[in-house]
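Residue numbers start from 1 in every chain, and the chains themselves are labelled A, B, ... in the order their sequence lines are given, proteins ahead of strands.
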Amino acid sequence: MAAAVAGLGLRRAAVLASGPGPLRGRLLPWAAGPRRHAAHFTFQPDAEPSAHGQTQKMNLFQSITSALDNTLSRDPTAVIFGEDVAFGGVFRCTVGLRDKYGKDRVFNTPLCEQGIVGFGIGVAVAGATAIAEIQFADYIFPAFDQIVNEAAKYRYRSGDLFNCGSLTIRAPWGCVGHGALYHSQSPEAFFAHCPGIKVVIPRSPLQAKGLLLSCIEDKNPCIFFEPKILYRAAVEQVPVEPYYIPLSQAEILQEGSDVTLVAWGTQVHVIREVATMAQEKLGVSCEVIDLKTILPWDTEAVCKSVVKTGRLLISHEAPLTGGFASEISSTVQNQSTISQKSGKQPSINFQPSICMCNSVYQ
Amino acid sequence: MRKMLLAALSRVLQGPAAAAARPVSRVVVASRNYADFASEATFDIKKCDLHRLEEGPPGTAVLTREEGLRYYKTMQTIRRMELKSDQLYKQKIIRGFCHLYDGQEACCVGLEAAIKPTDHLITAYRAHGYAYTRGTSVREILAELTGRKGGCAKGKGGSMHLYAQNFYGGNGIVGAQVPLGAGIALACKYFGKDEICLTLYGDGAANQGQIFETYNMAALWKLPCIFICENNRYGMGTSVERAAASTDYYKRGDYIPGIRVDGMDILCVREATKFAAEHCRSGKGPILMELQTYRYHGHSMSDPGISYRTREEIQEVRSKSDPITLLKDRILNNSLSSVEELKEIDVEVRKEIEEAAQFATTDPEPPLEELCNHIYKNEPPFEVRGPSQWIKYKSVG
């Protein structure tokens with residue numbers, strides 16, 4: 001297990017592995033000197049769905065455009081705004097929408113994240129559907145006060161008189177290989193600490209469209225993080241018509257009996273590879289879960305799985321300390337039924353693939 | 001200089017017969033010497049638009065021969081360095097993000113000419129020019145862009161995080177450096193060393209809330225801070241008309257006096273900065289300068305720069321207002337130097353850039369042991385959890 005996971009997760013690092021295990025004292029592969037650093041995973045597409053009508057080959061940004069297109073055509077109050085969205089956006093997510101729906105529905109804002117979100121809250125409170133884009137999740141922090149203090153608490157503090165439930169904030173998220181400090185962050189853990197908002201992270205175009213449409217429909221303010229490395233790399237057959245994937249429901253991608261692997265976003269593809277390798281090389285049967293919604297997260301699905309397997313491994317890109325894995329593991333530990341029912345001692349491993357310094361990817 | 005003397009010497013040694021055999025024009029060219037150059041010239045410069053000021057910077061500027069050659073060499077070095085970075089980026093030797101400064105050289109060189117090395121400067125991510133004028137060598141800058149340990153931030157910062165003595169970067173988040181600049185100005189005032197802080201930001205950042213918070217604090221406490229808005233007409237892909245309710249960025253400080261300066265003319269920038277520095281040093285509080293300039297490249301290397309502006313526009317600015325050409329014409333038309341001397345400088349500059357690029361491509365990357373250093377300042381080194389529970393890094397403060 002250690003070999004498979006460590007070997008996969010750290011193709012590019014030279015590490016003298018410390019601690020117990022077969023790798024102790026051995027130098028893992030390291031390629032020194034300047035070279036092109038390839039992506040650390042292979043995107044694994046899902047099968048073409050048959051339940052939602054005609055499908056089209058789309059990558060992640062095209063599936064986002066499709067979801068936004070569906071929304072703008074069905075909901076006359078829907079507006080999309082953010083920095084540079086008018087010409088199509090820096091990641092091409094809003095291409096063609098301004099021409100199709102007009103410049104009063106798809107418009108640029110000046111460079112002011114706090115203003116964008118605050119403005120979005122106002123639009124939503126007044127009854128329109130607001131879809132705000134923050135250019136990179138790394139820039140969401142000026143808007144943190146608006147999200148945490150205004151958007152999340154509006155319904156509660158007004159006794160359900162007012163709400164900004166029709167607000168959805170979209171932001172590109174996660175490592176991309178050359179983003180360094182300010183184009184690679186995964187800030188979901190900061191927002192997980194805030195009741196009143198929902199945080200959703202898709203793993204693929206098919207998931208993205210369904211989850212984004214659900215976020216927009218949802219009567220609570222949602223933050224939708226889009227893994228930027230998958231914008232072009234992930235291609236699937238996606239239905240053209242709208243369809244909805246429920247929020248707060250984790251998905252078991254692969255059934256297993258020995259260990260539960262949990263991840264979200266890009267990491268799902270890494271752990272799927274790991275699960276395959278573990279089965280082939282170590283004979284270990286892994287249950288792979290895509291968490292999808294970070295807040296509120298599907299505690300039942302994860303706990304039920306750990307009851308079955310007795311072991312849990314969580315993998316995420318964000319820093320380890322205070323990362324969302326710590327929330328999952330402590331909740332699972334708290335479930336006293338684990339050791340009772342399976343008879344196995346629960347062991348929880350943290351497995352973040354990228355530690356605090358994203359410069360590993362530079 | 002030496003080559004001219006050598007040419008004169010060879011002419012003399014070859015004797016009068018040889019001189020007579022050669023065409024007259026060649027003789028004239030070969031006999032140009034130091035005494036033919038003027039030591040200085042005076043130029044009329046564009047008057048600056050003023051906001052809340054009775055009088056502004058002067059309408060004329062004196063350029064000495066020595067200054068002219070120095071500015072020319074510095075601007076040419078920055079131009080070639082940026083073009084070399086473009087080349088290295090396309091060869092994938094520089095990775096990540098790279099925001100180039102070519103077209104705006106007059107701003108950084110003009111500003112530096114008007115302030116002292118003990119003054120402070122902070123800017124956003126289009127910082128390569130400032131890193132150079134503030135004292136970092138080209139090889140350190142290029143090595144930082146390529147992420148090698150010879151870089152000025154030890155290879156851990158990259159293009160957006162270049163730092164030097166009294167140069168506080170190099171900041172990635174738009175507008176975040178402006179409150180920092182006011183803080184530096186407060187420290188200058190507090191320490192009483194007659195230093196000022198130049199706080200730069202762009203036309204896009206001018207719409208950030210924290211800029212206005214900073215204006216208020218700086219004006220309230222009369223901080224010696226020159227706010228400088230480098231208006232290159234585009235905030236990444238959005239033109240100023242589409243982003244700002246008021247494009248008179250020099251007036252945005254409201255109660256802070258402002259000047260609008262032609263940022264493509266180095267003498268204009270220099271005189272305006274001298275005026276602004278004097279304003280701050282005399283305790284009158286902050287002042288705002290808008291430098292109207294232009295960038296030839298796109299916002300960054302991933303932006304071709306032509307989806308939101310026309311090639312004709314870029315060409316027009318290049319042919320009519322290129323800062324290096326403007327300076328060169330002034331120098332030549334007023335006999336401050338010769339075409340050959342400037343060509344020599346070009347050759348020197350090219351050589352310097354080539355050597356720096358060579359260093360930047362061959363220097364080794366920082367060692368893995370340094371990955372987690374400088375997170376905290378701690379006496380005892382502590383352990384940092386790595387990507388898996390079996391891997392630990394040591395962090396030394």
Check: Salt-bridged, B:E354 to B:K84, with N to O below 4.0 Å?
Finding: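 Result for this pair is yes, salt bridge flagged.
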Note to self: For the CZ atom on B:R242, are there more than 12 heavy atoms of other groups (residues, nucleotides or ligands in this structure) within a distance under 6.0 Å?
What the structure shows: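 Yes, CZ of B:R242 has more than 12 neighbouring heavy atoms, counting only those of other groups under 6.0 Å.
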Check: Using non-hydrogen atoms only, which part of A:T109 is less than 4.5 Å away from chain B: side chain, backbone, both, or neither?
Finding: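 When you check distances to chain B, no heavy atom of A:T109 falls under 4.5 Å.
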Notebook entry, point to check: Short question: side chain of B:R148, backbone of B:D363 - any donor-acceptor pair under 3.5 Å?
Noted result: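 Yes: the side chain of B:R148 pairs with the backbone of B:D363.
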Next item on the list: Verify, without hydrogens or angle tests, whether A:E188 (side chain) and A:F324 (backbone) share a donor-acceptor contact under 3.5 angstrom.
Entry: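 Absent.
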Check: From A:E317 CD over to A:I229 CD1, what is the distance, rounded to the nearest 0.5 angstrom?
Finding: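 One gets 8.0 Å once the value is rounded to the nearest 0.5 Å.
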Notebook entry, point to check: Which residues from residues 200-208 of chain B are near chain A, with near meaning under 4.5 Å between non-hydrogen atoms?
Noted result: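 B:G204, B:A205, B:N207, B:Q208, listed by number.
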Margin query: Using side-chain hydrogen bond (donor to acceptor under 3.5 Å, both in side chains), reason through B:S159 and B:H128 one step at a time and then give a plain yes or no.
Written below: CA-CA 7 Å; B:S159 162; B:H128 304 170; 2.9 Å; yes
Check: Given the options A:H183, A:E113, A:E83, A:Q114, which has more heavy-atom pairs under 4.5 Å with chain B than any of the others?
Finding: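 Most heavy-atom pairs under 4.5 Å with chain B: A:H183.
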Item checked: Polar side chain donor-acceptor pair, A:Y231 to A:E226, under 3.5 angstrom ->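 Yes.
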